[in-house]
Amino acid sequence: MKLLIVEDEPKTGEYLKQGLSEAGFVVDLARTGPDGLHLGLTEDYDLAILDVMLPGMDGWQVLKALRAAGRGLPVLFLTARDRVEDRVQGLELGADDYLVKPFAFAELLARVRSLLRRGQPQAAAAILRAADLELDPVRRRVYRSGQRIDLTAKEFALLELFLRRRGEVLPRALIASQVWDMNFDSDTNVIDVAVRRLRAKIDEGFEPKLIRTVRGMGYVLDA
Amino acid sequence: MKPLSLTDRIALLFALVVAAVLGLLGLVLDRAVDRHFRDMDRHLLAGKIELVGNLLAKARAAGTLDALPQQLDDALVGHHGLALAVLDGAGRIWFASRTETFPHPLLTMARRHERSLITWTADGRPYRGLAERVSDRATPGGPYTVAVALDIRHHAEFMALYRRTLALAMLLAAIVTAALGWAVTARALAPLRSMGATAASISASRLTARLPNEGLPPELAELAAAFNQMLDRLEDAFRRLADFSADLAHELRTPVSNLMTQTQVVLARSRDASAYREALESALEEYERLARMIEDMLFLAKADNRLIVPHRETVDLGLEARRLVEFYEALSEEAGVSLSVTGEARVAGDRLMLQRALANLLGNAIRHTERDGAVQVRLDQSEGEVLVSVENPGPAIPTEHLPRLFERFYRVDPARQGSAEHTGLGLAIVKSIVEAHGGKVRVRSEPGLTRFEVHLPAA
């Protein structure tokens, strides 16, 4: 998967490039609006990450020019300004997502992956597996080593999210949004408690441990 | 044009009022004096006519009509300014004194045998005259008509003098009144000027000055009191802002100094990879806390500047509350706290913001509830208003803390300051959100129960 980053802040640009490269993407970095647009028009990218404030031409103009040239790739905006008008303008111009600085890198990664996944067929009915854990989305049942495990509705949704996004570090805000539809930054440790309870049910007494804490970033299920 | 000062305005108005009153008075007196002169003249003229009539009747009876003109001349000697004419039945002048100056309009009138008092000017002199028939047709040559005219120059002169004097008096009175009015007003407005001087001396660093309230007239005392109240509010707001800045610096200093110390310690000697990893992870936690605090502060700053504009839609608060209870389920179960929601309510508001406000209240209640306690959310929709109350059992919060609970970084127990999880901005955000929706938030606390009440306008 090939990504284009247009970001003029040198440190942010470098770290985004490094982080995304290490997450397995091929990344090109442009420092100005015109450079970014040039790359966007000449190369073939799967997704673009645009800063709003850019020298030369701003992110909106780059997006407009890309769309005018018939490039339909998903675009994620980064901005330091969190204004409703900005969001509206971005969405009207055809931006796909929007992230306000400062953001957690794990959050960005998760959003990039879901944008790339968008449009791909989801095998909603298929049984999800990790090691000896099985989750049946249709009959809403969970087994570990063949043993039936009882989960509450939210625990089930949480585990399903982990399984569908295996190997991805899921930030707390993303979990709150996906499982509980709570779209604010809660300063309580609700997610930690919920994950701990889920782990107690699916990992305690079993090997290997499936859900892992990534300190300062979130949680990941890998096997 | 520069507007006139209040003092100038009042002085000018005084002058105008005095001039108008005196002018009106002068006009009334003018009329009265004129009428008096006219009555006097009529009386005099009528007397002369009666006299001539008597002389005429006597002369006719004695048959000495021919001697009458001489007699009349004699009678008129010494009466300067008096002119007399006697007309016979054919309208001819039978006798006239000083005919060369005898005013013609009177003769015309006399010829028509009209009786009325007229005033006119001839050869630059004002006259007043009266004509009257004094004998019947039986008298030979009759009937005779007598016309008398009086030179009223002295009356006219008197009136002119009177008018000049009056005008001068009016002018003087107006000027004197204006000057006095100016002086009096300037004196009366002195407290206003001193108020202005005090107000001018007030600055952000000197907000303690107050206008003296003593000895002011009631109108100004009211103004001074209102002004002082405004200063009280300003001072309070300034103090809060200063406190807030101090708190903010403190809140930021703690994590930054944690980060610095930790990084310095880790860098002090070489370590294995896992130690660096540990240090970075710990740093990340501090950064997260900082980022969250900055975000919350930005939200509050926008709310202060009225930039938080709720996107209005109908929000089912009952549904939101139940969803939040579900969200907090794991946390509350761990804490051994039960959550319940009763009632239904709908408001027009921003769903995300209201969700956040409710979440903060609920999180706050769970945090302050002991094991086996029960947090209750009650929704109550009445006419025009929705009441959301979140109550939790617990010791009473001392009254002095209650009004300040919604202030930023305010904590009842300063020892909890370092609490790593929450920023101390949660309730301030609740207040901002509720107020952006045109509502009010309040807290009541008594032994055993603390209750937060949110009043919102109904959908």
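Quick note: numbers below take in every heavy atom, side chains included, and nothing from hydrogens, waters or symmetry partners. Below, chains carry the letters A, B, ... as their sequence lines are ordered, and counting in each starts from 1.
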query = Just by modelled atom types, is the A:P55 backbone N or O under 3.5 Å from a matching donor or acceptor in the A:R31 side chain?
reply = no
ask   = Should the ring pair A:W60 and A:F77 be called parallel, tilted or perpendicular, given that the plane angle runs from 0 to 90° and is split at 30 and 60?
value = tilted
task = Sort and list the pairs that fulfil salt bridge (Lys or Arg N to Asp or Glu O under 4.0 Å) and have at least one residue in residues 344-364 of chain B, not counting sequence neighbours.
result = A:D181-B:R351, B:D296-B:R356, B:D316-B:R346, B:E320-B:R351, B:R322-B:E344
Please state whether the side chain, the backbone, both or neither of [X] comes within less than 4.5 Å of a heavy atom of chain A.
{"X": "B:S282", "result": "both"}
{"X": "B:E334", "result": "both"}
{"X": "B:E286", "result": "neither"}

Carboxylate-amine/guanidinium contact B:E285 B:R289, below 4.0 Å = no
ask   = So which of B:I294, B:I366, B:L324 has the largest heavy-atom pair count under 4.5 angstrom toward chain A?
value = B:L324
